[in-house]
Amino acid sequence: MRILLALSLLLISSVSVAAQRADKISWAHGGKNFDGYLVWDDASNKARPGLLMVPNWYGITDSAISKAKTIAGKDYVVLLVDMYGRDLRPKNPDEAGKAAGGVYADPEELRARITTALAQFKAAGKKAPVDTKNIGAIGFCFGGAVALDLARSGANIAGVATFHGNLSTKLPATKAGDIKAAVLVMNGGDDKYVSAESIVDFQKEMQVTKADWQFVNFGGAVHCFAEPDETGTVPGCLYHEPSYKRSMKMMRNFFAERFGASK
């Protein structure tokens, strides 16, 4: 009886310590050091699909780590990507705008950084239970533009989903067959930062490349609709709970289909 009790207590203890974790992972590129986080629920060691997550223009923050944990749940391993480098952590909108602007200014370097992060994720099988044959990417605002550019690069991943991200690129136009990943773009129908012209150009681009793509406008939503902590940080940036919930459900359905299709 005592043995059974001891085993029961041991089982309860092991369950209680199993929780979502965020382990720092570092890599080097172009003479810079980058610090991201591998995020997953360690209640199970079973391999699961991976999502490369590019945060908004603030980059790596406690809020971004918390969001990565929510998205990871029990379904995914998430690599929260550092696009700025170890020594750059914006603290306010002005600093964030300059940091994001610096990355946007060199689109080839932007692509090289996200491609390097993807390579790190594909090599992370010994550090986290990620199924490296099933990887997708997501991004918010600035991160959405980065994730979309990863698709444009021809990356061999299952899919890319973006939330209120910039749709344009300064790199040469993609051609038929360039985009291998399925694309899901989720946009605020009243987002003043995404012009009608850029939407038309994006849709034409997807048609030319013959990509598997979807573009969804959420009525009543503006920029930052999927980011509760970003409301009011800049004009025209407002969390919209109905669109947030719908977009998260849509993202999960999208990746369930994409990862299922690869099996």
Side-chain angles (χ1 to χ4, degrees), residues 53-58 83 93-94 96-108 110-111 114 136-155 159-251 253-254:
M53 175 178 157
V54 191
N56 62 32
W57 63 351
Y58 282 104
M83 284 294 293
D94 287 341
K98 290 177 182 178
V103 176
Y104 277 137
D106 189 344
E108 292 184 354
L110 180 156
R111 182 169 292 184
I114 190 61
I138 64 174
F140 298 81
C141 296
F142 161 76
V146 175
L148 185 55
D149 194 69
L150 182 62
R152 289 184 172 113
S153 75
V160 166
T162 71
F163 302 79
H164 41 77
N166 188 339
L167 303 177
S168 60
T169 178
K170 296 180 181 179
L171 289 171
T174 46
K175 304 180 296 297
D178 282 355
I179 296 179
K180 299 178 178 65
V183 174
L184 169 63
V185 168
M186 293 169 285
N187 185 64
D190 297 323
D191 191 336
K192 303 303 182 184
Y193 292 99
V194 179
S195 69
E197 181 182 4
S198 70
I199 294 173
V200 170
D201 288 345
F202 165 76
Q203 292 175 335
K204 288 181 179 178
E205 178 189 12
M206 294 296 106
Q207 290 164 351
V208 167
T209 59
K210 302 186 185 302
D212 177 354
W213 65 283
Q214 302 172 66
F215 180 87
V216 181
N217 255 338
F218 291 107
V222 296
H223 207 58
C224 308
F225 68 78
E227 307 214 71
D229 53 336
E230 286 299 295
T231 288
T233 55
V234 293
C237 186
L238 185 66
Y239 172 62
H240 190 246
E241 185 174 9
S243 297
Y244 166 74
K245 290 181 176 179
R246 291 166 186 163
S247 64
M248 285 293 160
K249 184 176 181 179
M250 191 170 291
M251 177 201 72
N253 289 340
F254 171 72

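Throughout, numbering of the chain's residues begins at 1 and tracks the sequence. In what follows, every heavy atom counts, from backbone to side chain, and hydrogens, waters and symmetry copies are set aside.
The SG atoms of Cys224 and Cys141 sit 2.5 Å or more apart.
Taking the six-membered ring for Trp and the full ring otherwise, the centers of Phe142 and Tyr104 sit less than 6.0 Å from each other. Taking the six-membered ring where the residue is Trp, the centroids of Phe225 and Tyr244 are separated by 6.0 Å or more.
The shortest heavy-atom contact between Met250 and Val216 is SD-CG2, 3.7 Å. Residue Lys170 comes nearest to Pro107 through the heavy atom pair CB-CG, 4.0 Å, listed as atom of the first residue, atom of the second, then distance. The shortest heavy-atom contact between Val185 and Phe202 is CG2-CZ, 3.5 Å.
Taking the side chain as every heavy atom from C-beta outward, Arg111 and Leu171 approach each other to under 4.5 Å.
Atom CG of Asp229 is separated from atom CD of Glu227 by 6.0 Å, given to the nearest 0.5 angstrom. The NZ atom of Lys210 sits 12.5 Å away from the OG1 atom of Thr174 when rounded to the nearest 0.5 Å.
Between the Ser198 side chain and the Val194 main chain, no donor and acceptor come within less than 3.5 Å of each other. No donor-acceptor distance shorter than 3.5 angstrom exists from the side chain of Thr162 to the backbone of Gly165, with no hydrogens or angles considered.
A side chain to side chain contact (heavy atoms under 4.5 Å, CB included) with His164 holds for exactly one of Met186, His240, His223; it is His223.
Other residues, nucleotides and ligands place no more than 12 heavy atoms under 6.0 Å from the CZ atom of Arg246.
Asp201 has no carboxylate O lying under 4.0 Å from a charged side-chain N of Lys204, or vice versa, which leaves the two without a salt bridge.
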